[in-house]
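Written out below as structure tokens is the structure these notes cover.
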Amino acid sequence: MSDGAGSRTGVAGALGLSVTSSVAIVICNKYLISTLGFFFATTLTSWHLMVTFFTLYVAQRLHFFEPKAIDARTVISFGLLNGISIGLLNLCLGFNSVGFYQMTKLAIIPFTIVLETIFLNKKFSQTIKASLMVLLLGVGIASVTDLQLNLLGSIIAVLTIAATCVGQILTNQIQRRLKVSSTQLLYQSSPYQSAVLLVTGPFVDKLLTKRDVFAFSYTTQVVAFILLSCSIAVCVNFSTFLVIGTTSPVTYQVLGHLKTCLVLSFGYIILKDPFSARNVVGILIAIFGMGLYSYYSVVESRKKTEAATSLPVAAQMSEKDSSPLLGAKSSPRTENKSEETFDYMPRTAKSAFTGR
């Protein structure tokens, strides 16, 4: 009972940190962009990841956590994929209307469910699916305003959905299958995520804003808010990996839509953004959907726990060892290697990294 209570407390803490830090960084970045005129979101994200890496480097030097070696090809490919995903999100917003961008984000949950069902043999009950539909309906009503379509924007949106879904699923699977913590995975992958965005960020931002990040006038106030944003981003990045690792990609996306509702609410309260009856109705429906999802998730989790405790120990170990990774059985391999590797991953998983 104490282990279960501790686990629930840890998950609740991760969720709370994720919500708090995400809402804080949105408000900070909104002020940085809207008031101070710093429109270079992709470049700013690269600085976020760079500061995150150096913070974790100092933390591990001070022995706050022990770094764990991961196969170089795995961590580099994973880092590049996540960096590309972030860049595509910014391009998606730049080449589409705000409404279509919000629809793209809403599409991530059903696509994640499809991928996990096909490649991980994961089962989602009808009650979970119904609660997610209620949630998506509410967020759609609250945040989607216009739906202007164009071919290039639609292609970028599809690529964004694919990269985001695969990246988040692999974030969960790498932590579970390679027995690495969220901190260890973030420490190993953040340099590569940052490198992708440091190289491409200025070009992406110039393409989207017609402004040059290197020609911007960096006042003391701008620098102060950039440093504040980078500091909050450390918590955001850490909590993102922590939530996905301890729960699931779908739960993380549900949490993301809660953040959207909170950002809309705080935008009205703090920043005096326009707020309509449609926003209120949508937020209430979304919160109801989140409540349903949370309730049914807890109920199903308890059922699984009760079923697992009723199995013999040997059967539980056998079931755990045979759990598939992206729909395939892992090949026999020794366990005494100094580095963890994804070489035993099936072709479908490797294609997300190598394109083969």
Side-chain angles (χ1 to χ4, degrees), residues 18 22 77-78 80-93 95-144 147 149-176 240-241 243-245 247-261 286 289-290 292-293 296-297 324-328 345-355:
S18 180
S22 295
S77 302
F78 172 74
L80 294 178
L81 175 63
N82 276 278
I84 292 170
S85 172
I86 295 169
L88 284 172
L89 278 167
N90 287 329
L91 283 174
C92 184
L93 179 58
F95 283 91
N96 292 294
S97 64
V98 174
F100 190 79
Y101 173 73
Q102 291 294 341
M103 286 298 296
T104 300
K105 291 171 65 178
L106 292 177
I108 292 174
I109 283 184
F111 272 89
T112 301
I113 290 175
V114 169
L115 290 177
E116 290 195 309
T117 301
I118 295 173
F119 296 115
L120 292 174
N121 294 328
K122 191 170 182 179
K123 305 299 182 185
F124 294 88
S125 67
Q126 294 300 319
T127 52
I128 290 291
K129 292 177 182 177
S131 62
L132 289 173
M133 289 299 295
V134 174
L135 164 66
L136 296 178
L137 174 64
V139 176
I141 292 174
S143 62
V144 176
L147 286 175
L149 305 180
N150 65 83
L151 179 59
L152 178 59
S154 299
I155 293 173
I156 293 175
V158 171
L159 294 175
T160 299
I161 293 169
T164 303
C165 291
V166 172
Q168 292 182 358
I169 289 173
L170 290 179
T171 300
N172 177 272
Q173 291 299 304
I174 289 174
Q175 291 185 60
R176 290 176 183 270
T240 295
F241 278 60
V243 169
I244 295 176
T247 57
S248 71
V250 172
T251 298
Y252 176 72
Q253 285 298 323
V254 171
L255 188 68
H257 293 307
L258 170 61
K259 298 172 193 174
T260 299
C261 295
M290 290 174 206
L292 289 177
Y293 176 79
Y296 289 122
S297 294
L325 176 61
L326 297 192
M345 285 171 60
R347 179 180 178 84
T348 49
K350 284 188 176 180
S351 64
F353 289 144
T354 64

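Keep in mind that the numbers below use all heavy atoms, side chains included, and drop hydrogens, waters and symmetry copies.
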Give me the atom names and distance for the closest heavy-atom approach of L135 to A286. CD1-O, 3.6 Å

Shortest non-hydrogen separation from T112 to C165 and the atoms involved: OG1-SG, 3.3 Å

Listed by chain and number, what are the side-chain contact (heavy atoms from CB on, under 4.5 Å) partners of I141, not counting sequence neighbours? L137, R278, I285

Listed partners of T171 passing side-chain contact (heavy atoms from CB on, under 4.5 Å), at least two apart: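 For T171 the side-chain contact (heavy atoms from CB on, under 4.5 Å) partners, ignoring immediate neighbours, are F78, N82, Q175, L185, F241, I244.
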
Are [X] and [Y] packed together at the side-chain level, in the sense that at least one heavy-atom pair is separated by less than 4.5 angstrom?
| X | Y | value |
| --- | --- | --- |
| I109 | H257 | yes |
| L258 | V254 | no |
| S22 | L255 | no |
| Q173 | L120 | yes |
| Q253 | V250 | no |

Might you work through the side-chain contact (heavy atoms from CB on, under 4.5 Å) test for L132 and K129, ending with a clear yes or no? CA-CA 5 Å; L132 289 173; K129 292 177 182 177; 5.7 Å; no

How many angstroms lie between [atom1] in [X] and [atom2] in [Y], if you round to the nearest 0.5 Å?
| X | Y | atom1 | atom2 | answer |
| --- | --- | --- | --- | --- |
| L115 | I169 | CG | CD1 | 4.5 Å |
| Q102 | L93 | CD | CG | 8.5 Å |
| Q168 | S85 | CD | OG | 7.0 Å |
| S248 | R176 | OG | CZ | 8.0 Å |
| I118 | I113 | CD1 | CD1 | 12.0 Å |
| T164 | F111 | OG1 | CZ | 11.5 Å |

Side chain N172, main chain P249, donor-acceptor under 3.5 Å: no

Side chain to side chain donor-acceptor pair (under 3.5 Å) involving [X] - partner list, sequence neighbours excluded:
| X | result |
| --- | --- |
| S154 | none |
| Y293 | T251 |
| T240 | Y252 |
| N90 | T42 |

Can I get a per-line list of side-chain donor-acceptor pairs under 3.5 Å for residues 155-163, giving both atom names and the distance, sequence neighbours left out?
{"unit_1": "T160", "atom_1": "OG1", "unit_2": "L88", "atom_2": "O", "d": "3.2"}
{"unit_1": "T160", "atom_1": "OG1", "unit_2": "I156", "atom_2": "O", "d": "2.7"}

Applying salt bridge (charged side-chain N to carboxylate O under 4.0 Å, His left out), can you list everything that pairs with K122, at least two apart in sequence or on another chain? E116

